[in-house]
Amino acid sequence: MELSQTNLYTLCSILLFAIGLLGFLLNSDFIRKLLGLNVIGIAIFMLLLAAAHTYPDAIDPIPHAMVLTGIIVAAAGTALGLNLASKIAKFARLVQKEEAATQAESAYEKSSNDTQGRG
Amino acid sequence: MIKFLANNSHVIEKALIIILVTLFSAFFIFAIFNQAPHSNELQVLTLTQLDKTGVTNIVTAVLLNYRAYDTFIEFAVFLVVAIAVLPYIIDTPVLTFTLQEESQVLLIAKIFIPLTIIMAGYLLWIGSTKPGGAFQASALLAGCLVLLSLANVQVINFTQLRYRLLMSSGLIAFIAVILLLYLQSHSFLTFPVELAGASILVIEFFATFAIALILFLCFESINKGHA
């Protein structure tokens, strides 16, 4: 196996795929997961572009067309994912606030009922 | 032993994931480099049939003639994304069209936006013969809109009907062209040779604005929708 440009591209795309997969699996943060998914997508585009180069002076147009549409779909999907993530963050903040309010309320009730013991 | 496993479950999980991903990528590399180089039958077909497509750029021919079905469904996917993202922007108050003080972004926008619009038109026009087309042009137009949005210039109010129509115009134009050609030739999604170039240009023209608007809507929903 000689290290031609196509092979280098293929190798790099697989490494990028592994990096993206690790980023997706090892992080629990939504935004980091989304970034990992994006890196995976870019790795797949790169793999397709490398596969499109078949022999010198010839390029398979079908993977190119797929990548062209895929990039924009990936961008739209990322936007949707980010929107959902921020909605989840907003909701989590709301739940936290409510929990804090109920805790404060119960603490206040306890202290008003029983001045000696505090929970 | 069980206690040790329970205490270090996070570390063990991560180590397992790393080992599995490494194994997977090693297998992937092995599989791809042991694969025979793929045959060029499809490529030869695309090249020999090119004079029937109405365009001379192979990628455009693949996108809008050979695999027009894919592109058609992709436009539908865009519209679905726009509909899914639209609720996030509706609640935000709409600013009136006011030029703020001369920020640097606005100065850059004033210089670059006319040039970029001309470039987008050029890219759209050149798509039939050279690399270019609706997607590249729409990315440039969306960039213009993002620049304007960063300069605090509110150009587009997504609640108005005309912008929503423009957003769906790509799909509508595609459906209209398909229906007209179906009435003429009674075959689904096949362009007659003499009309192929014109119909592809019509689809690409409307798709450019639709995709640019949808991309900008995606940006705005993240940028303004959660401020």
Side-chain angles (χ1 to χ4, degrees), chain A residues 1-3 6-7 9-28 31 34 40 43 47 50-55 58-90 93, chain B residues 13-14 17-18 20-22 24-26 28-29 31-35 37-40 42-44 46-47 50 57-64 66-67 70-71 74-75 77-78 80-82 84-85 87-89 131 133-136 138-139 142 211 214-215 217-222 225-226:
Chain A
M1 186 195 93
E2 82 282 16
L3 199 65
T6 314
N7 285 346
Y9 261 59
T10 314
L11 212 62
C12 284
S13 72
I14 293 171
L15 288 181
L16 208 59
F17 188 91
I19 291 169
L21 201 59
L22 281 180
F24 176 67
L25 291 175
L26 290 182
N27 290 303
S28 53
I31 292 183
L34 215 62
I40 290 176
L47 189 65
H53 185 247
T54 48
Y55 52 87
I59 283 167
D60 198 353
I62 295 162
H64 276 253
M66 277 165 74
V67 169
L68 195 57
T69 56
I71 285 171
I72 293 186
V73 170
T78 308
L80 190 60
L82 281 175
N83 272 319
L84 291 176
S86 74
K87 200 81 182 172
I88 289 170
K90 246 185 195 172
R93 233 177 287 146
Chain B
E13 218 171 54
K14 283 188 178 177
I17 288 173
I18 290 173
L20 282 179
V21 169
T22 317
F24 171 72
S25 40
F28 203 175
I29 291 172
I32 278 190
F33 284 107
N34 275 312
Q35 197 191 27
H38 68 280
S39 64
N40 293 316
L42 276 178
Q43 188 189 341
V44 173
T46 52
L47 282 174
L50 197 59
N57 180 23
I58 319 172
V59 175
T60 310
V62 169
L63 271 179
L64 282 155
Y66 299 133
R67 320 263 336 230
D70 282 3
T71 314
E74 197 207 341
F75 287 171
V77 167
F78 279 141
V80 169
V81 168
V85 163
Y88 294 103
I89 208 166
F135 291 110
Q136 290 90 332
S138 64
I211 296 170
I214 291 172
L215 284 178
L217 171 66
C218 290
F219 173 79
E220 278 284 271
S221 66
I222 300 166
H226 305 284

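Numbered from 1 within each chain, the chains take letters A, B, ... in sequence-line order. In what follows, every heavy atom counts, from backbone to side chain, and hydrogens, waters and symmetry copies are set aside. All values reported here derive from a predicted model rather than from experimental measurement.
Proximity to chain A is limited to the side chain of B:I211, based on heavy atoms less than 4.5 angstrom apart. Proximity to chain A (any heavy atom under 4.5 Å) is restricted, for B:L215, to the side chain, taken from C-beta onward. Within the 4.5 angstrom heavy-atom criterion, only side-chain atoms of A:L47, from C-beta onward, approach chain B. Using a 4.5 Å cut-off between heavy atoms, B:Q136 touches chain A through its side chain atoms alone. For B:F135, the parts lying under 4.5 angstrom from a heavy atom of chain A are both the backbone and the side chain.
The greatest number of non-hydrogen atom pairs below 4.5 Å with chain A, out of B:L63, B:N57, B:L20, is found for B:L63. Between chain A and the options B:T71, B:I18, B:T60, the largest number of non-hydrogen pairs under 4.5 Å is found for B:I18. Residue with the most contacts toward chain B among A:L80, A:T10, A:I72: A:I72 (heavy-atom pairs, distance under 4.5 Å).
Between B:F24 and A:F17, the two ring planes are tilted [angle within 30° to 60°].
Of all the heavy atoms in B:V62 and A:A65, the pair that sits closest is CG1-CB, 3.6 Å. A pairwise comparison of heavy atoms in A:I14 and B:S25 identifies CG2-O, 3.9 Å as the closest pair.
Annotation for A:Y9: atom OH does not count as buried by contact number, only 12 or fewer foreign heavy atoms lying within 6.0 Å. The 12-atom threshold is exceeded at CG of A:L15, counting heavy atoms of other residues, nucleotides or ligands nearer than 6.0 Å.
Counting only heavy atoms from C-beta outward, the side chains of B:D70 and A:T69 never approach each other to under 4.5 Å.
Within the model, atoms OG1 of B:T22 and CG of A:L22 stand 6.5 Å from one another, a figure rounded to the nearest 0.5 Å. Atom CG of A:N83 and atom SG of B:C218 lie 8.0 Å apart (nearest 0.5 Å).
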